[in-house]
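Following: one structure in structure tokens, then a few remarks.
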Amino acid sequence: MKLSDSVIKVKGIGQKSAALYEKLDIRTVGDLLCHFPRGYERYEKPVLVSQTEDGTVRTVEGVLTAAAKPVAVNQRRMVVARIRDISGEMDLRWFNSPFVLKQLPLGRKLLFRGKISKKGRSVSMVQPEIYTEEAYRTRMRSLRPVYSLTAGLSHNAIAKAVSEALSVTEVPDSMPQAIRKKRGFMKLEDAYRAIHCPEDEAVTKEAVKRLSYDEFTRFLLSMRHLKAGILREPNSFLMEKHTCADGILQSLPYELTAAQKRVLAEIMKDLCGPYPMQRLLQGDVGSGKTVIALLALSMCAEEGFSGCLMAPTEVLARQHFAFFTKMLEPFHIGVALLVGSQSKTERRRMEEGIRSGEYPIVIGTHALFQDSVEFPKLGLVIVDEQHRFGVKQREMLMRKGEMPHLLIMSATPIPRTLAMMLYGDMDISLLDEQPAERLPVKTCVVDRSYRPTAYRFIREHAEKGEQTYVICPLIEESEDSEGENVTDYARKLREEFGGEITVGTLHGQMNGKDKNEVLSDFAEGKISVLVSTTVVEVGINVPNATVIMVENAERFGLSALHQLRGRVGRGAKQSYCILMQGNESEETKERLSVLLKAKNGFAIAEEDLRLRGPGDFFGIRQSGDMDFAVADIIRDADMLSAAKEDTALLSDAEAEERFHLLVAERDSLVVY
Ligand code: ADP
Ligand code: MG
């Protein structure tokens, strides 16, 4: 089998599951092999019934005190059983699984792993996995991969499919022998195997190293490729006029900060410089990057060129679109929106307007890449909240013009030394200052016993007309993952607030239209409390929201939490961030406490680096923003410097050749 073959060829994947894989953007065998685990779990030591907590996934060892029997409840077939240990009793339930009966003889000592549910004094577990003592001990010594999933696919199913695929697929490896020797790397095929089927921890770590090195190499070579192209081209889009930009500045309700003024000057210098701009704008959340994009794009329009702003999510694209439209209306500059959920007619109307020059500014998501979109004289491309962005996609967008200016805006605060290694080939601007009137967000780290107080706090704010975000790590109840989920949590809050306060939900699996509706209702104040996954992490701006509460805060990286916290504190009112710790660990508490002191994202990233250090393999990954598939900038900092060292030794021609080889191998992985 080849990497380009459809996943449906893999043994065990049929039409139905292929459709599920498609939801995860997995179409080919290559996609499957590169759907890397988000992390690993180790089977933990069994606990006593009396030590379990509601909602957690635990393993309990016990003896069956009543024979397992099949029953029917509300027409659902169920198997029930009861076990006992020295501390108490626990009920077990399985749905639609009559086959478990055979595994459950009376009096046998077994281990059960599943989600604990506690009601009053009764403890139960639904759909637990069943292990013999021996089998569980083996599991405790090994790791199991945790993937991003979609309903209907389990971690095990993916791991199995990968293992099937690897046994029959030829995996070409373009890494030069010399480098493999020098760095002691394993073969690509072995790395895939070890990362998906972790039998030996040390080997898996080696696999992560090899794959991180590859990812960094691809990234560095793509940056170098871009730079080489830029230096060969003159600036064909000179932008010198700024009457309109001056007008916008006049109409803003605030004055730019000193940092914003400095960055704007740097950009303006590039726009009329000898080469196309190639700039990374790094600015902490809330430092005011959007207005910079607005000003640059207005200059582009004023010269008669077209320009575009690409956002990672539709929600964010729409928010930018609303802001741009409002600001540019007095200057008669047309703005178009291109997003996936538009109707065909609307899309066609937008595309025609773009082609005719009616809309010199275009805001959108990946929909901007489509072949049918033609930008006349594309002079400026801005990417907001840089994200996964394949080389091919980037080139497609850049090819829509002739070497347009490029500005990438990022809120990922990575330590300075690492940023220099990654982006050394670009010019870097820093927005290192918050608009002055902002009050720092008051932050606290609490445990679940604080919930009633928190709900009272949220209610009081809602009664004052202020709004709250509640962040949960999961979308819905899941058997193999603990943690709060949006669906049940919203239900719980609605009960708690008894209908006086509107509670809405938002998550990534909702369709574009529903998401927009919820967000605009929230922005207009029709929803007081928004229960959401981290989809609100990137860029949402609702200044009237003053409280954010993050459930299971221990599951997020510090930078991600900092980004989330940046959703509040955007207006003049005092804002609050409640970090709700879902476990009792002191270590977690210490880590989260970094957010109480640190003022800005850069300080937090440095602290994260110090606390975790490179090589903290099982630690939580860096924010999803700097989204490498395997590599973690902080954990794998040593591989970044190795890749930097090795690519620096290549001549320009060699670098170019390697780059094209890598792109041919896999186009979608390079991050930009
Ligand atoms: P980010 O850098 O996170 O993208 P935004 O561009 O969304 O930040 O700006 C956050 C908020 O700050 C917006 O409500 C914006 O209107 C406001 N803002 C931007 N610049 C200033 C400024 N110089 N003074 C006051 N408020 C500002
Ligand atoms: Mg932003």
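Since the model is a prediction, treat every value here as computed from it, not as a measurement. Indexing begins at 1, ligand by ligand and atom by atom, following the structure's order. The chain is numbered in sequence order, starting from 1.
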- Item | CA sep, side-chain torsions, deciding dist, call: E460, E466, side chain to side chain contact (heavy atoms under 4.5 Å, CB included) | CA-CA 9 Å; E460 281 162 20; E466 294 173 25; over 6 Å; no

- Which residue from M409, R570, K289 reaches closest to atom 7 (O) of ligand 1 through any of its heavy atoms?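 That would be R570.
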
- Hey, is ligand 1 close enough to V291 that some N/O pair sits below 3.5 Å?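 There is no such contact.
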
- Message: Does ligand 1 come near enough to P543 that some N or O of the ligand is less than 3.5 Å from an N or O of the residue?
- Response: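 Between P543 and ligand 1, no N or O pair is found under 3.5 Å apart.
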
Using a strict cut-off of 4.0 Å, indicate which atoms of ligand 1 neighbour a heavy atom of [X].
{"X": "T257", "answer": "23 (N)"}
{"X": "Q260", "answer": "19 (C), 20 (N), 22 (C), 23 (N)"}
{"X": "N541", "answer": "13 (C), 14 (O)"}
{"X": "E255", "answer": "22 (C), 23 (N), 24 (N)"}
{"X": "L256", "answer": "23 (N)"}
{"X": "T290", "answer": "4 (O), 5 (P), 6 (O), 7 (O)"}

- Residues forming a side-chain hydrogen bond (donor to acceptor under 3.5 Å, both in side chains) with S212, sequence neighbours excluded: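 Testing S212 for side-chain hydrogen bond (donor to acceptor under 3.5 Å, both in side chains), a comparison that skips the adjacent residues, returns D636.
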
- Could you pull out all residues at least two apart from E240 that satisfy side-chain hydrogen bond (donor to acceptor under 3.5 Å, both in side chains)?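 Per chain and number, E240 pairs via side-chain hydrogen bond (donor to acceptor under 3.5 Å, both in side chains) with no residue.
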
- Any F216 side-chain heavy atom under 4.5 Å of K644 side chain: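 When only atoms from C-beta onward are counted, K644 and F216 do not touch, as no gap falls below 4.5 Å.
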
- Heavy-atom check, side chain of I548 versus side chain of T468, under 4.5 Å: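 Contact flag for I548/T468 side chains = no.
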
- Please determine if K261 and E255 form a salt bridge, counting it only when a charged side-chain N lies under 4.0 Å from a carboxylate O.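 Yes, K261 and E255 are salt-bridged.
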
- Task: Assign the ring pair F522 / Y469 to parallel, tilted or perpendicular, where the plane angle (0 to 90°) is split at 30° and 60°.
- Result: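 Ring orientation, 0 to 90° scale: tilted.
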
- Query: Non-hydrogen atoms of G283 versus ligand 1: any pair closer than 4.0 Å?
  - Reply: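 False for this residue.
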
